[in-house]
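Notes for the one structure printed next.
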Number of protein chains: 2
Amino acid sequence: MAHKLDIDALLARLPLFRNLDAAQLALMARASQQVRVAKHQFVFHRGDPANGLYVVAVGGIKLAIPSPSGQEKVIEFFAPGQAFGEAVMFLDKPYMVQAQALEDTLLIWIDKQDIYAAIDHDPSFAKRMLAGLSLRLHALVQDIETINLQNASQRVISFLLKQPREGDQVHFPFNKNVIASKLGLTPETLSRLLHQLSAKNLIRVDGRDVQILDPEALEAQLYGS
Amino acid sequence: MAHKLDIDALLARLPLFRNLDAAQLALMARASQQVRVAKHQFVFHRGDPANGLYVVAVGGIKLAIPSPSGQEKVIEFFAPGQAFGEAVMFLDKPYMVQAQALEDTLLIWIDKQDIYAAIDHDPSFAKRMLAGLSLRLHALVQDIETINLQNASQRVISFLLKQPREGDQVHFPFNKNVIASKLGLTPETLSRLLHQLSAKNLIRVDGRDVQILDPEALEAQLYGS
DNA sequence: CGCTAAGTTGAAAGAAGTCAATGAAAGTGG
DNA sequence: CCACTTTCATTGACTTCTTTCAACTTAGCG
C-alpha cells in the first residue's frame, strides 16, 4: 500500500492534475497503475491499442516511428511530469508510434474511462488537457518547419540553441544516434556537421558536452547562408 | 439579421457543436462573427495574436509556414466544417503559421472566451475539441513520417493513394505548386515524378485530373524500390 | 487577344546518404 | 581490476536524389 501513497503524491505534483480536488485526485490514484520499464524496453509498439495515457514519473521515454528498414524516426522525448499517448486515446486508434525507455523508467498509467470521468467532473482538467495537446501540436509544426525549411546544418544549430544551457555549456541528453534521428539526419552527417562547426570555432565538442563559443555567429548562420 | 440566422444553421451543422443544447448554440451564434475572405487573401499572418478560432463555412483555407526566402511550406488544408486556429488559442501564443484563402471563403470566428464557456458548460464539447486536436496531431505525425521515411516518389504515391477517388479518378483540389509544397517538394520535382509514373503506365495525368491505372503496382512502389 | 500565372523540360550543381573501415568508450564477466 | 565484447562515434570515398536556374509551353482570365 506504500505504492498507492507514492502515486498519490506523484500525481498531485503533475501539472496535468493540478486543479483536481482531493476526491478526484484520489479517484485517479486508485485508477492508475505503476509501470516499470527497464532501459531500452518498449512501453508499446506501433499497432497496439490505446486504452489510456502514460505519465512519466521517473526516467525518460522516446516516441519514434518505426520503419521497415529498421531505422526509426524519433518524434519526441518525454521527461518526468510529461504525459504521452493521450492523442491516440481520444481517437480510438491504435498507436502509430512506439514508445521506448531511454533509461530505467517509472510510468503511471491511467485508464481512458477515468480520464473521461475527470473531464466530466472538472472543466479545468479538460482545458489543461487541451493545452497539453496544443503544446504538442505546436512542437510538431515547429519540427515540420525545421525539417522542410532548414538544411542539415541549420537544423543542428537550431537544436543546439534550443537546448538548455548552463553558462555556455550544452549537454546532449541522449546519444548522438538518437539526436540525429530527431533531427532527421544520419549519425554520419551529424558528426560531420558538428566537426565543421568546431572547425569554424563556433562550438567545441567533447562527447555529449558542447560548448557554445559564439552564439551570435551561430544564430547568424540560420539566416545568412 | 438574416446573417444571424445563417450562422445559427451553419453552427448547428458543424461536428464540433453537435452536442450543444439550443441555448448554448444560440450563445455561440451570438458570439460568433462572419468573416469573408477573398481568394488569396490572408486570414492571419505569422505573429498575429490568437483570440479565438475559425470554422470554415464555405470555401477552403490553407495553413502554411512562411519562410524568409519567400517560399512557404503548406501544413494543412481546411474544408467546410473544419476548425482551425484552436491549438494556438489554448496556448496564448501568437500564430506561427499563416492562413490564406484558396478560394472565396466564408469563415465563422468565435471568441476564446465563448469557447471556454462552452467547455465549462458541456464536457462533451471539450471531448469533441480534444478529439479534433488529436486528429490533427495524428495527421502531423503522419506528415513527419512521410517526410522523413519516404523519398520524393513515394511521397507522391502516398498522396495520390490517399486522395478521395471516384472510380479510378483522382482530382487535385489545388494547383500543383500547393500540392508540391505540402509534399515538401519543388514544383519541378513533382512534375517530373508525375511524368515518370505516367511513363510507367501507372497513372495518366490530365491537368488536375489523375487516373490511377494500377493501384496495386503503385502501392508496391512504397515498399519495393 | 494579350497578359500573367502555372506547368514542363533540360542540364548542372549541391546536399545528404550509403558503404566501409577505423577508433573510442563503455559495459560485462572473470 | 583487467581483458573482452559491444555499442557508439568518426572519417573518407563515392553515389544518388533533389534542387536550382533557365528557357519554353500551356492554360486561364480580364
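Since this is a predicted model, take the numbers as computed values, not measurements. Chain A is the first sequence line, chain B the second, and so forth, proteins listed ahead of strands; every chain is numbered from 1.
- Judged purely by atom type and a 3.5 angstrom limit, Ser191(A) has no side-chain atom pairing as donor or acceptor with the backbone of Pro187(A).
- When the local axes at the two ends of the helix from dC1(C)-dG30(D) to dG30(C)-dC1(D) are compared, using 5 base pairs at each end, they differ in direction by 50° after rounding to 10°.
- Rounded to an integer number of Å, the gap from Lys176(A) NZ to dG23(C) C1' is 13 Å.
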message = Between Glu86(B) and Arg136(B), does the salt bridge (charged side-chain N to carboxylate O under 4.0 Å, His left out) criterion hold? Intermediate values first, please.
response = CA-CA 11 Å; Glu86(B) 341 83 298; Arg136(B) 295 270 271 296; 3.1 Å; yes
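- We find that CG of Asp206(A) is positioned 12 Å from C1' of dA25(C), with the value rounded to whole Å.
- When the P atom of dA5(C) is taken as reference, atom NE2 of His40(B) falls 10 Å away, rounded to whole Å.
- Side-chain atoms of Asp104(B) come within 3.5 Å of backbone atoms of Lys39(B) as a donor-acceptor pair (strictly under, hydrogens ignored).
- For DNA chain D, the outermost nucleotides in 5' to 3' order that have an atom under 4.0 Å from a heavy atom of chain A are dC8(D) to dA13(D).
- Considering only side-chain N and O atoms, Asn175(B) lies nowhere under 4.0 angstrom from the phosphate OP1 or OP2 of dA5(C).
- Checking Ser158(B) against Gln150(B) by side-chain atom types alone, a donor-acceptor pair falls below 3.5 Å.
- In this structure, the separation between CD1 on Ile110(A) and CD1 on Ile115(A) is 4.5 Å, given to the nearest 0.5 Å.
- In terms of modelled atom types and a separation under 3.5 Å, the side chain of Thr105(A) and the main chain of Gly60(A) share a donor-acceptor contact.
- For the pair Lys62(A) (side chain) and Leu102(A) (backbone), a donor-acceptor distance under 3.5 Å is absent.
- In this structure, Pro173(B) and Ile179(B) approach most closely via the heavy-atom pair CD-CD1, 4.2 Å.
- Using modelled atom types, no side-chain atom of Asp48(A) and backbone atom of Phe44(A) make a donor-acceptor pair closer than 3.5 Å.
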Under 4.0 Å protein heavy-atom contact, by nucleotide of nucleotides 9-21 of chain C - B base, S sugar-phosphate only = BBB----SSBB--
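- No more than 12 heavy atoms of other residues, nucleotides or ligands shown are found within 6.0 angstrom of CZ on Arg204(B).
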